[in-house]
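What follows is a short report on a single structure.
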Amino acid sequence: MSVVSLGGSVISLRQKTEPTNPLTPAGVSAKPSSVLCTLQGTPRVPAFSKDGDFVIGGIFSIHYQLFTVIYIFFFCLNIHTLILCSLNTRVLRFSRTMIFAIEEINNSSELLPGIKLGYQIHDSCIAVPVAAHVAFQLSNGQDPMFYQGSNCSQSGVVMAAVGDSGSTPSISISRIFRSFSIPLVSPFATCACLSDKQQHPTFFRTIPSDQFQADGLAKLVKHFGWTWIGAVRSDSDYGNYGMASFLDAALREGICVEYSEPFYRTDPPSKIKRVADMIRRSTATVVVAFAASGDMKVLLEELARDPPPPRQWIGSEGWVTDPHLMSFTFCSGAIGVAIQKAVIPVAVSSVLTEECDGTEDIKRLENPYTETSQLRATNMVYKAVYAIAHAIHNAVCEKTNSTIHCDKNISLEPKQVFSKLKKVNFSRNGYHVSFDAKGDPMAFYELVNWQKSESGVIELVTVGYYDASLPTGEQFRINGNLTWLDGGTQVPVSVCSESCPPGTRKVLQKGKPICCYDCISCPEGEISNNTDSPDCFLCHEEFWPNAKKDKCVLKPVEFLSFDEVLGIILVVFSVSGACLAVTAAAIFFHHRTTPMVRANNSELSFLLLFSLTLCFLCSLTFIGAPSEWSCMLRHTAFGITFVLCISCVLGKTIVVLMAFKATLPGSNVMKWFGPLQQRMTVVCLALIQVIICTIWLVVSPPFPMENITTYKEKIILECALGSAVGFWAVLGYIGVLAVFCFVLAFLARKLPDNFNEAKLITFSMLIFCAVWITFIPAYVSSPGKFTVAVEIFAILASSFGLILCIFAPKCFIILFQPEKNTKKYLMNKN
């Protein structure tokens with residue numbers, strides 16, 4: 001094995017890896033039987049190399065640059081400028097893992113027995129021009145000149161290649177390799193763009209695509225209720241494509257981004273400071289960083305100069321497992337997705353001892369190169385080498401009679417390895433390896449958390465996993481206890497606006513993202529029963545919102561009941577009126593032989609008192625929950641009893657008029673209006689009302705109904721009229737009789753008599769008409785149960801008017817002025 005020393009000075013290392021001009025087509029000089037092919041330019045010397053029957057290429061960014069130069073591919077040193085370079089010991093471990101895996105395969109009796117694999121591992125110095133140069137070298141070989149049959153088109157000396165450590169160099173390498181059908185298996189290039197088989201047909205990877213990582217990060221942010229976040233990213237293919245996928249996933253999850261800032265390690269300090277200031281000033285507590293390790297180091301160093309308020313960092317796999325960055329204690333509590341941790345048997349001693357002189361105590365060495373407790377990306381390198389080895393095995397080996405025979409002399413082309421690589425399917429150390437149609441593996445991530453140990457050192461702790469192969473809802477699991485920013489145990493809050501409680505709805509703030517909103521109380525009659533509800537919805541017509549407007553409850557049913565104060569008052573007056581009528585009847589019956597009772601047509605008086613008693617009692621049918629029978633009874637009973645009452649009053653009025661007409665000489669009128677005719681008059685007038693009520697009940701009777709329109713917040717249980725014509729016909733007929741009675745009584749009011757009953761009837765009818773005239777507008781305008789109360793009041797008021805005006809004076813004379821209860825006094829015309 002030939003090795004370019006990585007332990008020497010920077011200058012000697014740069015001299016050994018001095019870049020050349022880009023390769024151009026080989027020069028051609030003819031020979032009789034073959035063509036002499038001359039390589040244009042100086043071949044690059046690999047960092048590690050070993051000959052073998054089949055050679056595998058390796059490209060890793062073993063060094064990284066801190067400052068931009070004009071000719072970046074002049075790796076580390078050019079003629080005029082000294083460029084500061086640093087060794088990335090973590091990536092160095094990747095290259096050493098590749099060497100270990102190849103040595104392990106060469107010693108295997110099951111995989112490629114009898115075949116020795118070689119390798120050429122180059123350092124791309126995380127520079128695209130250098131990576132492209134290496135890709136051309138692996139495609140052409142290192143010989144400065146060689147003889148070829150008829151032309152200089154030869155397949156590369158490598159069957160496949162492992163690398164690069166980043167997405168951007170891998171994109172350039174893949175585009176070069178596709179022309180030569182050389183497969184490239186990357187252990188760390190995650191850009192979703194590399195899944196495009198039109199652009200990168202020969203690209204494979206053992207690490208999942210960023211599309212899965214972006215979805216996992218978005219679900220992680222949503223899981224903890226963070227809807228207002230900041231975002232920073234590497235200004236590279238890895239960062240830009242990854243962040244674009246994350247922002248799409250975040251939008252689907254309802255997450256808003258306050259800012260999204262790109263940066264790169266070679267940006268001017270002023271730009272890095274601007275990104276850092278954005279993080280410091282931000283109102284978002286959570287910061288999602290989709291960045292490469294080297295870029296993140298530059299940003300965190302700037303933030304360390306003036307640490308921001310506590311921030312909850314969410315990291316991509318590109319940096320969250322890098323031990324170099326765990327020295328930034330203000331990032332304690334960071335959470336991110338990481339490649340699954342693995343164990344590579346005996347890899348530790350094999351990888352390390354070749355770089356030691358034998359005097360070191362390996363157990364006491366503490367650096368990313370010797371850190372083997374977190375073999376994550378290292379395992380991706382290990383799997384990539386084994387995938388290529390399995391593809392070569394399937395191309396050159398055959399199994400006969402339980403014996404594997406491999407032909408090392410076969411003319412193997414990279415395109416054959418490419419064809420076999422698409423079909424590899426094996427497990428190694430408990431980890432399955434296969435590729436889908438896009439060249440991607442199954443996506444599985446561990447969720448890791450930066451937790452401070454008792455000694456104050458930040459450690460990487462696995463707290464869960466994200467498995468994209470599981471059904472939706474089962475992909476994301478958290479198994480361990482997490483620590484948050486500043487070592488806290490409470491999940492931090494990162495929202496633009498506090499959640500809207502049930503009973504309110506969200507109204508977006510003008511000109512701001514959808515996560516910034518105001519909470520507005522639901523309108524009348526509407527509720528919202530979820531947190532952060534975008535809309536309120538109406539309750540069913542029989543329901544109404546509760547006080548908090550977060551639940552629909554049954555509307556209270558209201559009617560004029562016997563239990564409430566108003567109902568009790570009306571019942572008292574109704575019963576009192578009936579008792580008053582009964583008392584008056586009793587007084588009249590007890591003094592039925594006296595002139596006062598006999599002179600006022602005792603028969604009609606008793607009938608009038610009976611009808612008044614019914615009038616008072618019929619008001620009770622209006623109180624209580626309406627039913628089908630009570631609705632029909634209350635209006636018909638009211639109509640018939642009142643007509644009976646007015647008919648009696650009308651009969652008495654006519655009797656008064658006829659009595660005075662009969663006193664005229666030669667008058668014979670009383671024989672036409674005797675007791676029989678009086679009874680017939682009352683019966684006929686009442687019969688007309690009975691007919692009206694019967695027609696009403698037959699055609700369209702009153703019925704109970706739930707009135708939900710008068711009041712929105714309650715249901716009024718009332719009697720619908722059925723036919724409004726029938727109702728107003730009943731009232732109209734009563735009104736006609738009352739007006740007619742009033743006119744007659746008014747005409748008879750000045751007839752000579754010491755006790756002219758016509759005057760009393762006039763006053764009673766005046767009160768009756770006034771009450772029912774005012775009843776009409778009050779009835780129409782009164783809402784709910786007060787409609788019934790108005791109707792009862794009209795019945796009671798008009799009934800009290802009749803009994804007090806007609807019978808109270810007579811009862812007073814009978815009881816307290818018996819001297820006036822004489823025929824002489826009543827007949828006195830003075």
Side-chain angles (χ1 to χ4, degrees), residues 60-61 88 90-91 93-94 97 126 163-170 186-195 205-221 231-234 236-246 249-250 287-297 299-300 313-326 331 334-342 368 371 373-384 431 440-450 458-469 475-478:
F60 298 97
S61 301
N88 190 329
R90 183 165 172 256
V91 179
R93 190 176 68 209
F94 299 164
T97 301
I126 208 166
D164 190 343
S165 307
S167 294
T168 301
S170 296
S186 176
F188 215 57
T190 58
C191 180
C193 59
L194 287 164
S195 297
R205 53 183 156 200
T206 52
I207 190 170
S209 166
D210 279 339
Q211 183 61 57
F212 299 105
Q213 181 179 191
D215 290 341
L217 288 174
K219 286 182 171 64
L220 178 69
V221 172
V232 293
R233 66 185 187 275
S234 290
S236 62
D237 292 302
Y238 168 72
N240 291 329
Y241 280 98
M243 183 57 73
S245 298
F246 170 77
V287 182
V288 176
F290 216 111
S293 170
D295 299 332
M296 202 64 193
K297 183 175 184 293
L299 177 62
L300 294 180
W313 291 89
I314 307 297
S316 64
E317 44 74 34
W319 69 272
V320 78
T321 58
D322 190 344
H324 283 105
L325 304 179
M326 294 184 188
C331 292
I335 306 173
V337 295
I339 307 305
Q340 187 178 14
K341 185 167 60 175
E371 171 57 52
S373 64
Q374 298 282 346
L375 296 179
R376 299 179 186 274
T378 302
N379 189 42
M380 300 296 105
V381 178
Y382 186 75
K383 293 199 293 185
Y431 302 104
D440 295 328
M442 184 182 301
F444 184 93
Y445 295 97
E446 287 184 356
L447 301 178
V448 295
N449 184 211
W450 288 16
I458 293 180
E459 296 177 344
L460 195 66
V461 179
T462 300
V463 294
Y465 67 85
Y466 175 74
D467 189 349
S469 65
Q475 300 172 332
F476 186 71
R477 292 288 177 87
I478 293 182

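Just so you know, residue 1 is the first one in the sequence shown, and it goes up from there.
- Distance alone, capped at 3.5 Å, places no donor-acceptor pair between the Asp295 side chain and the Ala291 backbone.
- Going from atom CG of Leu217 over to atom CE of Met243 covers 8.5 Å, rounded to the nearest 0.5 Å.
- The distance from the OG1 atom of Thr378 to the NZ atom of Lys383 is 12.0 Å, given to the nearest 0.5 Å.
- Two residues are said to be in side-chain contact when any heavy atoms from C-beta on lie closer than 4.5 Å; Val287 and Ile314 fail this criterion.
- Taking each heavy atom of Gly242 and Ala214 in turn, the nearest pair found is O-CB, 4.0 Å.
- At least one side-chain heavy atom of Thr462 sits less than 4.5 Å from a side-chain heavy atom of Glu446.
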### Task
Determine, stepwise, if the pair Asp237 / Thr168 fulfils side-chain hydrogen bond (donor to acceptor under 3.5 Å, both in side chains).
CA-CA 5 Å; Asp237 292 302; Thr168 301; 3.1 Å; yes
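- No side-chain donor from either of Arg205 and Thr190 sits under 3.5 Å from a side-chain acceptor of the other.
- What you find for Ala443 and Asp467 is that their closest heavy atoms are O-OD1, 3.5 Å.
- Contact of the Thr321 side chain with the Ile339 side chain is not registered, since no non-hydrogen atoms from C-beta on lie closer than 4.5 Å.
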### Task
For Ser316 and Gln213, run side chain to side chain contact (heavy atoms under 4.5 Å, CB included): C-alpha distance rounded to whole Å, both residues' side-chain angles, the deciding distance at 0.1 Å, then the answer.
CA-CA 7 Å; Ser316 64; Gln213 181 179 191; 3.0 Å; yes
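- For the pair Gly166 and Ala189, the tightest heavy-atom approach, listed with the atom from each and the gap, is O-CB, 3.7 Å.
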### Message
If you apply the rule side chain to side chain contact (heavy atoms under 4.5 Å, CB included), what do you find for Leu194 with Ser209, and how did you get there?
### Response
CA-CA 8 Å; Leu194 287 164; Ser209 166; over 6 Å; no
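- For Tyr431 and Tyr382, the ring centers are positioned 6.0 Å apart or more.
- By the disulfide bond (SG atoms under 2.5 Å apart) test, Cys191 pairs with Cys193, sequence neighbours left out.
- Although no hydrogens or angles enter the test, the distance criterion places a donor-acceptor pair under 3.5 Å between the side chain of Ser186 and the main chain of Phe188.
- Rounding to the nearest 0.5 Å places CG of Asn88 at 10.0 Å from CZ of Arg93.
- The two atoms that bring Asp164 and Pro169 nearest to each other are OD2-CB, 3.1 Å, heavy atoms only.
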### side chain to side chain contact (heavy atoms under 4.5 Å, CB included) evaluation trace for Leu300 with Cys331
CA-CA 9 Å; Leu300 294 180; Cys331 292; 3.7 Å; yes
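- To the nearest 0.5 angstrom, Trp319 atom CH2 is 15.0 Å from His324 atom NE2.
- Phe290 pairs in a ring-ring contact (aromatic ring centres under 6.0 Å, His included) with only one of the listed residues (Trp313, Phe246, Tyr238), which is Tyr238.
- Between the side chains of Ser195 and Asp440, at least one donor N or O lies within less than 3.5 Å of an accepting N or O.
- The closest side-chain heavy-atom distance from Tyr445 to Gln340 is not below 4.5 Å.
- Enclosure of atom CZ in Phe94 by more than 12 non-hydrogen atoms of other residues, nucleotides or ligands within 6.0 angstrom is indicated.
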### Task
Evaluate side chain to side chain contact (heavy atoms under 4.5 Å, CB included) for Tyr465 paired with Leu447, printing each intermediate quantity in order.
CA-CA 5 Å; Tyr465 67 85; Leu447 301 178; 5.5 Å; no
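- Partner Met296 forms a side-chain contact (heavy atoms from CB on, under 4.5 Å) with one of Asp322, Leu325, Val320 and no other, that one being Leu325.
- Atom OG of Ser245 and atom CG of Asp210 lie 7.0 Å apart (nearest 0.5 Å).
- Asn379 places no side-chain N or O within donor-acceptor distance of the main-chain N or O of Lys341, the cut-off being under 3.5 Å.
- Atom OH in Tyr466 sits 13.5 Å away from atom CD1 in Ile478 (nearest 0.5 Å).
- Nearest heavy-atom pair, Ala250 versus Ala218, reported as atom, atom and distance to 0.1 Å: N-CB, 3.9 Å.
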